[in-house]
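Here's the structure we're looking at; comments come further down.
Below, chain A is the first sequence line, B the second, and so on; all start at residue 1.
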There are 2 protein chains.
Amino acid sequence: MESKMSAIRILLADDHTIMRRGLRLLIESQPEFCVVAEASDGRQAVQQAEATMPDVAVMDIAMPNLSGIEAAQRIATAQPATAIVILSMHSDEGYVLRALKVGAKGYLLKDSAEGDLIEAIKAVHQGKTFFSPEISKMLVEDYVREIRARGTEDTYDLLTSREREILQLLAERQSNKDIALALNISVYTIETHRRNLHEKLNLHSLAELILYAVRKGIIS
Amino acid sequence: MESKMSAIRILLADDHTIMRRGLRLLIESQPEFCVVAEASDGRQAVQQAEATMPDVAVMDIAMPNLSGIEAAQRIATAQPATAIVILSMHSDEGYVLRALKVGAKGYLLKDSAEGDLIEAIKAVHQGKTFFSPEISKMLVEDYVREIRARGTEDTYDLLTSREREILQLLAERQSNKDIALALNISVYTIETHRRNLHEKLNLHSLAELILYAVRKGIIS
DNA sequence: CCAAAAATACCAGCCTGTTGGTAGGGTGTT
DNA sequence: AACACCCTACCAACAGGCTGGTATTTTTGG
């Protein structure tokens with residue numbers, strides 16, 4: 001019998017022959033990987049994907065005839081079983097976003113460590129996602145940015161750090177119970193803090209607190 | 001000379017002794033890892049972190065005395081060189097968000113594959129981030145959702161003029177009773193309209209409605 | 001060390017919003 | 001006539017926030 005499970009079948013799409021060569025060598029340095037098709041533009045990529053039904057498609061984002069993104073979209077739609085890894089020189093939000101929206105499971109920068117490509121292929125083949133550290137960082141930062149507190153003036157200065165913390169959680173629409181659990185303190189204590197917030201800010205409902213938080217840039 | 005670079009020094013914090021044991025075994029199965037300290041609550045974790053200056057701190061989110069999050073915050077502030085991996089049973093957005101905000105570099109669910117912890121420790125030690133697949137998925141979805149929400153907005157068109165009127169009054173912080181009086185209709189009718197707003201906009205609280213109104217420019 | 005501030009905790013009662021139903025009357029379309 | 005949609009109206013049950021108290025422990029600063 002076979003000593004290993006069947007190899008991961010890979011489609012490689014990049015308009016630069018040299019790049020493709022390099023990638024192929026890199027990929028096939030792993031015994032469990034097998035490049036079953038190559039394409040030098042988007043349209044070919046879609047055709048090859050149909051013909052060979054690869055497990056993973058590794059594609060450049062910038063290709064003639066049909067862009068990598070569009071090709072990715074068609075492949076993702078027609079063959080959901082094929083996981084797509086985008087290889088790109090760009091770390092712009094726009095590119096990443098579009099790639100994710102069309103269903104790419106991984107996004108790698110071309111200057112990644114070579115090990116990352118190996119990792120990425122394995123990851124997406126297991127249904128996970130994989131991103132270059134820079135991309136990952138960007139995703140996280142974007143996520144956090146929305147909610148991060150900054151503004152410090154007038155009444156806000158009156159608040160203790162605990163109160164600010166609770167204000168933020170309230171603004172994130174967490175209930176007293178949620179907050180109590182998260183901070184590992186009693187619901188009653190949250191009530192007290194809330195009352196102090198009401199008093200210090202001269203606001204007397206959750207709605208007002210949330211609007212205050214919006215104005216302060218604590219949320220959205 | 002040494003055949004390997006010096007080991008990664010790890011602090012382990014979890015209130016359950018058994019869990020700690022298991023984690024320690026798991027971690028020390030890797031020769032390049034070395035657990036240099038253990039803590040069974042948040043305060044101890046902070047102390048141990050100060051005393052041992054570990055490269056990586058692996059900590060549970062729910063601990064007595066000082067929550068894992070709070071402990072993480074203090075450690076991240078006092079020792080930026082220590083990368084923090086949060087271990088948690090919860091995949092709630094709120095928890096993840098808070099962990100990221102206080103500076104955690106990784107977030108793992110307790111039911112992760114054991115390999116993930118190894119990977120996570122290596123990743124954060126290299127300055128990368130690492131998340132359980134579920135968490136990663138959530139971050140990505142959240143990211144895509146946020147951006148898409150800006151591009152395509154049409155839900156507002158679904159509302160009838162009466163519903164818009166009521167939405168506005170709600171956004172002005174008028175109560176059901178106020179509105180009923182102002183429009184000379186029953187409180188029950190307001191309740192119905194409100195429910196329809198909830199359904200059509202897929203929002204389910206006054207707070208959400210008000211935030212929606214802010215985004216739409218209906219108020220402030 | 002002492003006083004003030006902050007954080008914690010509890011209870012009871014009231015008010016409001018939320019959600020599950022249900023339903024009649026008006027209007028406009030097919 | 002049948003249908004869809006909107007506006008209106010009602011009830012009951014439940015969840016949660018808001019406010020009035022009170023009180024202990026921990027932290028902070030002079």
## Note on the structure
Heavy atoms of B/Asp116 and B/Pro133 approach each other most closely as OD2-CD, 3.9 Å
### Message
Nearest to the B/Ser175 side chain among C/dT19, C/dA6, C/dG17, which nucleotide is it?
### Response
C/dG17
### Task
Using only side-chain N and O atoms of B/Asn176, determine if any of them is under 4.0 Å from OP1 or OP2 of C/dT16.
no
### Task
Could you check A/Glu163, A/His198, A/Glu165 and say which one makes a side chain to side chain contact (heavy atoms under 4.5 Å, CB included) with A/His193?
A/Glu163
### Message
Rounded to whole Å, please give me the gap between CD in A/Glu191 and C1' in C/dC10.
### Response
9 Å
### Query
Would you say the side chain of A/Ser136 lies within less than 4.5 Å of the side chain of B/Lys128, judging by non-hydrogen atoms?
no
### Message
Once you apply a heavy-atom cut-off of 4.0 Å, does B/Arg195 come out as touching a base, just sugar-phosphate, or nothing?
### Response
base
### Task
Using atom OH of B/Tyr188 as one end and atom C1' of C/dT22 as the other, report the distance to the nearest whole Å.
14 Å
### Message
If the helix axis at each end comes from five base pairs, how far does the helix from C/dC1-D/dG30 to C/dT30-D/dA1 deviate from straight, to 10°?
### Response
50°
### Summary
To the nearest angstrom, the CD-P distance between A/Glu165 and C/dT8 comes to 9 Å
#### Entry: Value in whole Å for how far the C1' atom of C/dC15 lies from CG of A/Leu206
15 Å
### Presence of A/Thr192 side-chain N/O under 4.0 Å of C/dA9 phosphate oxygens OP1/OP2
no
### Query
Does any N or O in the side chain of B/Gln44 come within less than 3.5 Å of the main-chain N or O of B/Ser40, such that one atom is a donor and the other an acceptor?
yes
#### Entry: Touch class at under 4.0 angstrom, heavy-atom based, for B/Thr189 against every strand present
base
### Task
Give the minimum heavy-atom separation between B/Ile86 and B/Ala104, together with the two atoms involved.
CG1-CB, 3.7 Å
### Summary
Nearest heavy-atom contact between B/Lys105 and B/Phe131 is O-CZ, 4.4 Å
### Query
Would you say B/Phe33 and B/Val56 make side-chain contact, with heavy atoms under 4.5 Å?
no
### Task
Could you tell me whether the side chain of A/Arg162 reaches within less than 4.5 Å of the side chain of A/Ile185, counting heavy atoms only?
yes
### Task
Answer yes or no: are there more than 12 heavy-atom neighbours, outside B/Glu28 itself, under 6.0 Å from its atom CD?
yes
### Query
Nucleotide range of DNA chain D contacted by chain A, 5' to 3', under 4.0 Å to a heavy atom?
D/dG16 to D/dG21
### Task
Round to a whole Å and report the spacing from CZ of B/Arg173 to P of C/dG17.
14 Å
### Query
Once you round it to whole Å, what is the distance between P of C/dG20 and NE2 of B/His204?
9 Å
### Query
Could you give the CG-to-P distance, from B/Leu170 to C/dG17, as a whole number of Å?
8 Å
### Task
Calculate the interatomic distance between B/Glu208 atom CD and C/dT18 atom P; express it in whole Å.
10 Å
### Task
For B/Thr160, report the nucleic acid contact type (base, sugar-phosphate, nothing); a contact means any heavy atom under 4.0 Å.
sugar-phosphate
### Query
Base, sugar-phosphate alone, or nothing: which one does B/His193 contact when heavy atoms must sit under 4.0 Å apart?
base
### Message
Is there a side-chain contact between B/Asp178 and B/Glu172 in this structure, where contact means two heavy atoms from C-beta onward sitting under 4.5 Å apart?
### Response
no
